[in-house]
Amino acid sequence: MEKTAATATAKKLNMKEKYAQMTRGLGWTTTYQPMDKVFDQIKFEGIKIHDWDKWEDPFRLTMDAYWKYQTEKERKLYAIIDAFQQNNGHLNVSDGRYVNTLKLFLTGISPEEYSAHRLFAMLGRQFPGVGARVACQMQSIDELRHAQTQVHTISQYNKYFNGMHDFRHMHDRVWYLSVPKSYFEDAMTAGPFEAITAISFGFEYVLTNLIFMPFMSAAAYNGDMATVTFGFSAQSDEARHMTLGIECIKFMLEQDPDNVPIVQRWIDKWFWRGYRVLTLVAMMLDYMVPKKVMSWKEAWEIYFVQNGGSLFNDLERYGIRMPKYWEQTVSGADRLSSEAWNTFYNYAAAANFNTWCPSEENMNWMSEKYPDTFDKYYRPRFEHYREQENQGKRFYNTTLPMLCQCCQIPLVFSEPDDATKTCYRESDYNGDKYHFCSDGCKDIFDYEPEKYVQAWLPVHQIYQGNCFKPGTDPTVEGFNPLAAVLDYYNFGPGDNMDYVGSPDEANWLKWKGLVKEDAPKKAA
Ligand code: FE
Ligand code: ZN
C-alpha cells in the first residue's frame, strides 16, 4: 500500500491530470448549507443541468499558466504604450477627426469592459460547475485588464484632445451612452444562464468581431498604433471568451431538450440588443474614420451573414435557428450608419465628441458602397446640411427625441421595408404606453415588461428635471436647460459641437503645421 502511494506522488501528472487536479478537484458538495442555498440563482430561469462534469474546457488553462501568459502580454503592451507616449504617437493619426472614434470607444466601450468584469465575477460565483466557474473567473480578470489597458492607452489622447476627461461620469449620464450601459446592465440583472448567453454567446461569439476586426484595422490604417496594440492584446483573450460562449450554449442544449426554447429566446433577444449597440460601430466605420477600411455593410456581410450563418447551420442539429429578425439587419445594413450619423449630426450639442458634415470624398465613397440607398436618401440630406453650414446656419436639433424603451436609442430607424418611414412600435402595460424602435425591441419588452418599465431613459429623466446638478433652479429667468444638462454631464468647452471650429481642430492644425493664411474662416 505504502509503495503505491509513494509511486503515485512520484509520478509526474500529465497536463490533463494536472488540470483536473487544479480545477475540477476544487469543487465540493457543501454540507453546512444545502447546495441550493449556496447556488441560489441556478434554477429560476428554468435551465436544467444534470451533470456539470460534462462541461468541456477546451483550453485546459490553469490559473498558474494563465498568470504567466497574461503577464507576458502586459509587458509587451505597456512597452509599446510607453514608446507611443514618448514619441507623441497621437500626432501620427490620419486626422484630428479620427480621435472622435476614441472618445466614443472610451466612454461607450471601456466602461462596458468593466461591466463585463463584474458580470463574470458574479457568474464565477453562481455556477456550481467548476469548469464553467474557472472560465468565468479568468474572463472576469481579462475584462478588468481590457478596461485598464484601454484607459491607459487612451490617456495619451486625453492629454491633447477634448471629450475624454471624465469618461466614467459621462458613461452614467450622457444620453446615448445609456445604450451600451443598459445592454450590460440588462445582462447583469438577468439570471446566470441568460447573462452568459448574452455576453459570452450573443456578444463575444456572434458580434464581437464586428467591433474588434474592422475597428482595429481602421485604427491601424489611420495610424493609431496604440489602439491597435491594446486591440490585439484584448483579441488574444477573445479566443477563450468565444470558446466559453459556444461551450455554454452547447452544454445547455445537450443537457436537456427543455433548455432549447429558452436558449433560443435568449439568442433572439441578445442578438437584437447587440445589433442595436453596434449602430455606433456602423457609424464609426462609414463616417468617423478618415481613412476607410470597409463599410458597415461589408463588415456585416462577412462577420454576421457568412460567419454567423455557418455558426447557426452548426447549431441547427440542436434545434436552434437563426436569431429572429436577422433579415431586418441585412436589409437595414444599407441604412444603419447613415441614420445614425444623421442623428449625431443633429444632436452634436449634447454628445461628448465632435461631428461634421461628411466630405465630398466620404460621400462618394458612400455612394459606391451603398449604391441602392446613399444617393437616393442620404446624400441630398447631407448636401442640404452643408449648404446651411456654408450660409452660417449650422442646424442643431434642440428638441429631445423619443427613446426606445428597450435599446434606449432614439426612434431614428426606418421601417424594414421603407427607408423613408420611421419605424415605430408601441405596447400598453399597466395603463401606460411604451415606445419602441423596432419589432425586436418590442418583443423583448413584451416578454418582460416589469423589467423594462424601470429603464432610466435619459430623455425622460431630463424632462423630469433629474439631470441637473444639485442646487440648480430651473425656475430662474433665462434658465437654459441644455446648458444645465451639459453641466451635469461635466462637459467643458470643445467637448461637443462641430469639429470644424473646435479647439481640437485648431490644435491639430497648429501641431501639424497646417494653418495657412488662407485657411477657411471657422464657424462661430
Ligand atoms: Fe473585453
Ligand atoms: Zn430599440
Side-chain angles (χ1 to χ4, degrees), residues 94 97-98 100-102 104-105 108-109 112 179-180 183 201-222 224 227-228 230-232 234-235 238-239 241-242 245 270-313 322-323 325-344 358 361-374 378 407 409 412-414 416 419 438 440:
S94 53
R97 282 178 174 81
Y98 168 79
N100 290 291
T101 64
L102 298 178
L104 199 53
F105 199 93
I109 307 282
E112 308 319 341
V179 175
Y183 174 97
F201 184 74
F203 204 73
E204 303 277 4
Y205 204 89
V206 185
L207 303 171
T208 200
N209 279 334
L210 264 303
I211 295 186
F212 277 92
M213 297 307 194
F215 182 58
M216 291 309 153
S217 29
Y221 198 42
N222 284 275
D224 180 7
T227 296
V228 176
F230 84 60
F232 280 138
Q235 194 65 22
E238 222 51 56
H241 301 176
M242 291 174 70
W270 289 98
F271 168 75
W272 191 259
R273 290 224 63 182
Y275 168 65
R276 278 295 184 239
V277 173
L278 290 175
T279 302
L280 295 173
V281 178
M283 178 177 97
M284 272 187 188
L285 286 178
D286 286 348
Y287 287 97
M288 294 180 78
V289 292
K291 288 169 81 176
K292 312 277 188 257
V293 281
M294 62 165 63
S295 67
W296 165 255
K297 191 181 176 172
E298 288 164 333
W300 192 246
E301 171 63 31
I302 297 170
Y303 295 108
F304 177 70
V305 179
Q306 289 174 22
N307 296 1
S310 56
L311 163 70
F312 283 97
N313 267 341
M322 285 283 270
Y325 303 124
W326 73 271
E327 299 91 338
Q328 291 188 14
T329 69
V330 177
S331 61
D334 266 323
R335 318 177 211 153
L336 189 65
S337 65
S338 295
E339 289 171 346
W341 189 243
N342 177 57
T343 306
F344 277 94
E361 192 193 348
N362 194 165
M363 288 205 262
N364 293 342
W365 183 84
M366 288 296 287
S367 304
E368 199 183 294
K369 297 294 178 185
Y370 298 96
D372 299 335
T373 48
F374 187 76
Y378 308 113
C407 70
I409 299 179
V412 298
F413 302 107
S414 47
S438 55

If you take all heavy atoms of [X] and [Y], which pair is closest and at what distance?
X: P358; Y: Y287; result: CG-CE2, 3.9 Å
X: L336; Y: A282; result: CD2-CB, 3.8 Å
X: R273; Y: V179; result: NH2-O, 4.3 Å
X: T227; Y: A219; result: CG2-CB, 3.9 Å
X: S367; Y: F374; result: OG-CD2, 3.5 Å
X: T329; Y: W326; result: OG1-O, 2.5 Å

Are the side chain of [X] and the backbone N or O of [Y] linked by a donor-acceptor pair below 3.5 Å?
X: T373; Y: D334; answer: yes
X: D224; Y: S94; answer: no
X: N100; Y: R97; answer: yes
X: R335; Y: Y378; answer: no
X: Y325; Y: F271; answer: no

Hey, what's the ring geometry for F105 with F215, parallel, tilted or perpendicular (30° and 60° as the breaks)?
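It falls in the parallel class, under 30°.
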
Could you tell me how the ring of F201 sits relative to the ring of Y205: parallel (under 30°), tilted (30 to 60°) or perpendicular (over 60°)?
parallel

Do [X] and [Y] come close enough that some side-chain heavy atom pair is under 4.5 Å?
X: Y370; Y: W296; answer: yes
X: I302; Y: M294; answer: yes
X: N342; Y: V412; answer: no
X: W365; Y: S295; answer: yes
X: P214; Y: V281; answer: no

Quick one: list whatever passes salt bridge (charged side-chain N to carboxylate O under 4.0 Å, His left out) with R276, sequence neighbours left out.
none

Can you name the residues that form a salt bridge (charged side-chain N to carboxylate O under 4.0 Å, His left out) with K369, not counting sequence neighbours?
E298

Results of side chain to side chain donor-acceptor pair (under 3.5 Å) for W341 - residues two or more places apart only
none

Quick one: pull up [atom1] in [X] and [atom2] in [Y] and give me the separation to the nearest 0.5 Å.
X: L102; Y: I109; atom1: CG; atom2: CD1; result: 11.5 Å
X: N209; Y: N307; atom1: CG; atom2: CG; result: 7.0 Å
X: M366; Y: S337; atom1: CE; atom2: OG; result: 4.0 Å
X: K297; Y: D372; atom1: NZ; atom2: CG; result: 6.0 Å
X: L285; Y: S217; atom1: CG; atom2: OG; result: 8.0 Å
X: M288; Y: L280; atom1: CE; atom2: CG; result: 9.0 Å

Please check if atom CD in E361 has more than 12 non-hydrogen atoms from other residues, nucleotides or ligands closer than 6.0 Å.
no

If you count the non-hydrogen atoms of other residues, nucleotides and ligands that lie under 6.0 Å from OH in Y221, is the total more than 12?
no

Step through it carefully: locate the ring centre of W300, locate the ring centre of Y275, and say whether they are under 6.0 Å apart.
yes

Ring centres under 6.0 Å, that's the criterion: do F203 and Y183 meet it?
yes

